[in-house]
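See structure below.
Values reported hereafter were calculated over all heavy atoms of this structure, with side chains retained and with hydrogens, waters and symmetry mates removed. Chain naming here is simple, since letters A, B, ... match the order of the sequence lines and numbering starts at 1 in each.
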There are 2 protein chains.
Amino acid sequence: MTGLDQVDEVLAALADPMRRRVLDGLAARGEATATGLAGELPVSRQAVVQHLSVLEKAGLVSSRRSGRERRYRVEPQRLDATARWMARVAATWDARLDVIRRLAESPDPKPSPSTTASPTARPPR
Amino acid sequence: MTGLDQVDEVLAALADPMRRRVLDGLAARGEATATGLAGELPVSRQAVVQHLSVLEKAGLVSSRRSGRERRYRVEPQRLDATARWMARVAATWDARLDVIRRLAESPDPKPSPSTTASPTARPPR
DNA sequence: GTTACGTGCAACCCCAGGCTTGCACGTCTG
DNA sequence: CAGACGTGCAAGCCTGGGGTTGCACGTAAC
């Protein structure tokens with residue numbers, strides 16, 4: 001539902017520090033070109049272009065041509081969606097831990113053979 | 001404030017698909033060993049161990065020895081914190097876009113030389 | 001004791017991807 | 001028109017890290 005491969009792309013995109021710096025610069029300027037951003041980054045213009053390409057495929061950035069230059073700007077939706085996905089997963093984990101703690105504290109007569117394999121609820125895809 | 005390098009580690013950890021599968025398995029079982037998880041994954045036990053190591057350094061997973069085996073379990077806090085960080089950034093971007101839209105619609109007498117370099121508010125570190 | 005199982009360490013292979021350089025094309029300015 | 005600027009490919013380099021295999025040690029079961 002939450003586009004699981006979208007999440008994949010976003011996470012992969014955000015994983016790179018330089019890419020986050022590009023995003024920072026972009027968010028600060030509001031709108032900028034590759035060469036402009038490269039001006040205050042320790043890498044070549046082409047590197048920035050490639051990063052922006054990845055970011056755009058991930059939906060974190062959009063671009064449009066304006067004359068002989070290409071303007072980029074940040075795109076919050078995907079990021080927000082990913083944030084919500086992440087919060088949901090965290091909540092699932094939390095619930096899972098509660099179950100474990102309850103089992104541990106309960107005066108359980110069955111010591112359970114080996115693994116704590118419990119065929120209970122499975123987290124959403 | 002939100003541990004910027006913690007965010008870095010978490011994002012880097014989550015970027016790998018196999019690593020997310022490990023987390024999935026772990027969350028499903030509630031608690032598991034490396035060999036146990038490797039049983040239902042298409043990689044070797046050692047691969048799983050290395051992934052778990054990364055995840056633990058990122059604070060997404062904790063472990064304790066129990067006899068001759070090491071039990072892992074998911075740790076929601078860091079993930080939740082990262083989710084909140086991400087939501088905050090998304091909100092910042094959103095605000096930034098609002099400013100741009102306002103500037104674009106306003107009957108601006110100044111055509112602004114070249115770049116849309118606006119020395120306004122800077123997003124939090 | 002011996003056997004079996006799970007772990008931890010180390011060396012190694014291999015490829016994705018981050019970055020560079022070089023060049024050609026399109027667009028604005030004089 | 002010529003020149004300057006920004007972009008868009010393409011090829012190439014090189015390191016990081018995901019994966020494997022092999023082995024030695026500690027712990028449990030027999």
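- Nearest approach of B/P42 to B/M18, heavy atoms of both residues: CG-CE, 3.9 Å.
- Remark: B/Q6 engages B/R78 in a side chain to side chain contact (heavy atoms under 4.5 Å, CB included) (not counting sequence neighbours).
- In this structure a side-chain-to-backbone donor-acceptor pair under 3.5 Å is present from A/S44 to A/A47.
- Between A/S44 and C/dC19 there is no side-chain N or O to OP1 or OP2 distance below 4.0 Å.
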Practice prompt. Check the pair B/R21, B/E40 against salt bridge (charged side-chain N to carboxylate O under 4.0 Å, His left out), reporting the backbone distance first and the verdict last.
Written response: CA-CA 10 Å; B/R21 291 182 65 179; B/E40 48 190 28; over 6 Å; no

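- For B/E9, there are no side-chain hydrogen bond (donor to acceptor under 3.5 Å, both in side chains) partners at least two apart in sequence or on another chain.
- When the P atom of C/dT29 is taken as reference, atom CD of A/E69 falls 11 Å away, rounded to whole Å.
- Residues passing the side chain to side chain contact (heavy atoms under 4.5 Å, CB included) test with A/V49 are A/A34, A/R45, A/Q46, sequence neighbours excluded.
- For the pair A/S66 and A/P42, both in contact range of DNA chain C, the more 5′-proximal nearest nucleotide belongs to A/P42.
- Listed in residue order, the members of residues 45-52 of chain B having a heavy atom less than 4.0 Å from DNA chain C are B/R45, B/Q46.
- Read 5' to 3', the first and last nucleotides of DNA chain D with an atom closer than 4.0 Å to a heavy atom of chain A are D/dA4 to D/dC9.
- Put simply, NZ on A/K57 is 11 Å from P on C/dG17, counting in whole angstrom units.
- Taking the side chain to side chain contact (heavy atoms under 4.5 Å, CB included) definition, one finds that A/S53 meets it with A/K57, sequence neighbours left out.
- Across all non-hydrogen atoms, the minimal contact from B/D8 to A/P17 is OD2-CG, 3.8 Å.
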